[in-house]
Amino acid sequence: MTGTRQDAQPATDREIVVSRLVDARQELVFEAFTEVEHLSRWWGPEGFTTTTYAFEFHEGGAWDFVMHGPDGTDYPQWIKWTEIVTPKRITLLHGAYRDDPDTFESILDFTPHGATTRIVMRSIFPTRQLRDRVVLEYHAIERGEQTLGKLASYVAEVARKGAR
């Protein structure tokens, strides 16, 4: 089993919350977010790939990349890491570019459950209208679930191979 989908329920009218139980230990699941070599293998919804232009994983560092959709559409992305508590939590700002007025905050919590890890990804948008727009236009809940599904598959494969 590579993971179990959990219902995404917004905690407030500005949030999207997606979680998943991942069949790998906490340190490995956390590590999958910390190195671009890992991220490039699983980040994004089904059918998406990424091209990284810059990656600095530390508080204040940024990840500048493009997500390539299965239909050929490119989506510029920018993430700034604002809090890193190894191996428990990552907080980040996520937008299309630095100073994007639609930038939102995401908090990723990694909680061990025996040999598995519960990851909770909470995205908090500046307004309810922006949250509603990304849910309707970009299918943010379904694509968030797909992204965590790809993470679960990736880390389960890494764990099976015994690699870190």
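Predicted model only: the values in this text are computed from it and were never measured.
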Next item on the list: Evaluate side-chain contact (heavy atoms from CB on, under 4.5 Å) for Ile16 paired with Val134, printing each intermediate quantity in order.
Entry: CA-CA 10 Å; Ile16 295 172; Val134 301; 4.0 Å; yes

Next item on the list: Using a strict cut-off of less than 4.0 Å between a Lys/Arg side-chain nitrogen and an Asp/Glu carboxylate oxygen, indicate whether Glu37 and Arg41 qualify as a salt bridge.
Entry: no

Next item on the list: Please answer: with hydrophobic residues joined when any side-chain heavy atoms are less than 4.5 Å apart, are Ile141 and Ile119 in the same cluster?
Entry: yes

Next item on the list: Can you run down the ring-ring contact (aromatic ring centres under 6.0 Å, His included) pairs that involve residues 125-146, sequence neighbours left out, and say none if there aren't any?
Entry: Phe104-Phe125

Check: Counting only heavy atoms not in Lys150, do more than 12 sit closer than 6.0 Å to its NZ atom?
Finding: yes

Margin query: Surrounding CG of Asp74 (heavy atoms of other residues, nucleotides or ligands, distance under 6.0 Å), is the total greater than 12?
Written below: yes

Check: Looking only at heavy atoms, what is the nearest atom pair of Val155 and Ala32, with distance?
Finding: CG1-CB, 3.7 Å

Check: What are the two closest heavy atoms between Thr50 and Phe65, and how far apart are they?
Finding: CG2-CD1, 4.2 Å

Check: Taking C-beta and beyond as the side chain, do Ile90 and Phe110 meet within less than 4.5 Å on heavy atoms?
Finding: yes

Notebook entry, point to check: Any donor-acceptor pair under 3.5 Å linking the side chain of Ser19 with the backbone of Val120?
Noted result: no

Margin query: Using side-chain contact (heavy atoms from CB on, under 4.5 Å), reason through Trp43 and Phe48 one step at a time and then give a plain yes or no.
Written below: CA-CA 8 Å; Trp43 182 265; Phe48 282 73; over 6 Å; no

Next item on the list: Indicate if Val36 and Leu93 have the same hydrophobic cluster label, given that clusters are the connected sets of ILVMFWY residues with side-chain heavy-atom separations under 4.5 angstrom.
Entry: no

Note to self: Determine whether Phe33 and His38 satisfy the following criterion, ring-ring contact (aromatic ring centres under 6.0 Å, His included), listing intermediate values before the conclusion.
What the structure shows: CA-CA 7 Å; Phe33 281 87; His38 287 305; over 10 Å; no

Next item on the list: Could you pull out all residues at least two apart from Arg128 that satisfy salt bridge (charged side-chain N to carboxylate O under 4.0 Å, His left out)?
Entry: Asp132

Distance-only donor-acceptor pairs under 3.5 Å for side chains of residues 51-59, two or more places apart:
residue, atom, partner, partner atom, Å
Thr51, OG1, His68, NE2, 2.6
Thr52, OG1, Trp63, NE1, 3.0
Glu56, OE1, His58, NE2, 3.2
Glu59, OE2, Ile84, N, 3.0

Check: Would you call Arg122 and Asp109 a salt bridge, taking side-chain N to carboxylate O under 4.0 Å as the test?
Finding: no

Margin query: I'd like to know if Trp81 and Trp78 are part of one continuous hydrophobic network [Ile/Leu/Val/Met/Phe/Trp/Tyr, side-chain heavy atoms within less than 4.5 Å].
Written below: no

Check: Is atom CZ of Arg98 surrounded by more than 12 heavy atoms (other residues, nucleotides or ligands) closer than 6.0 Å?
Finding: no

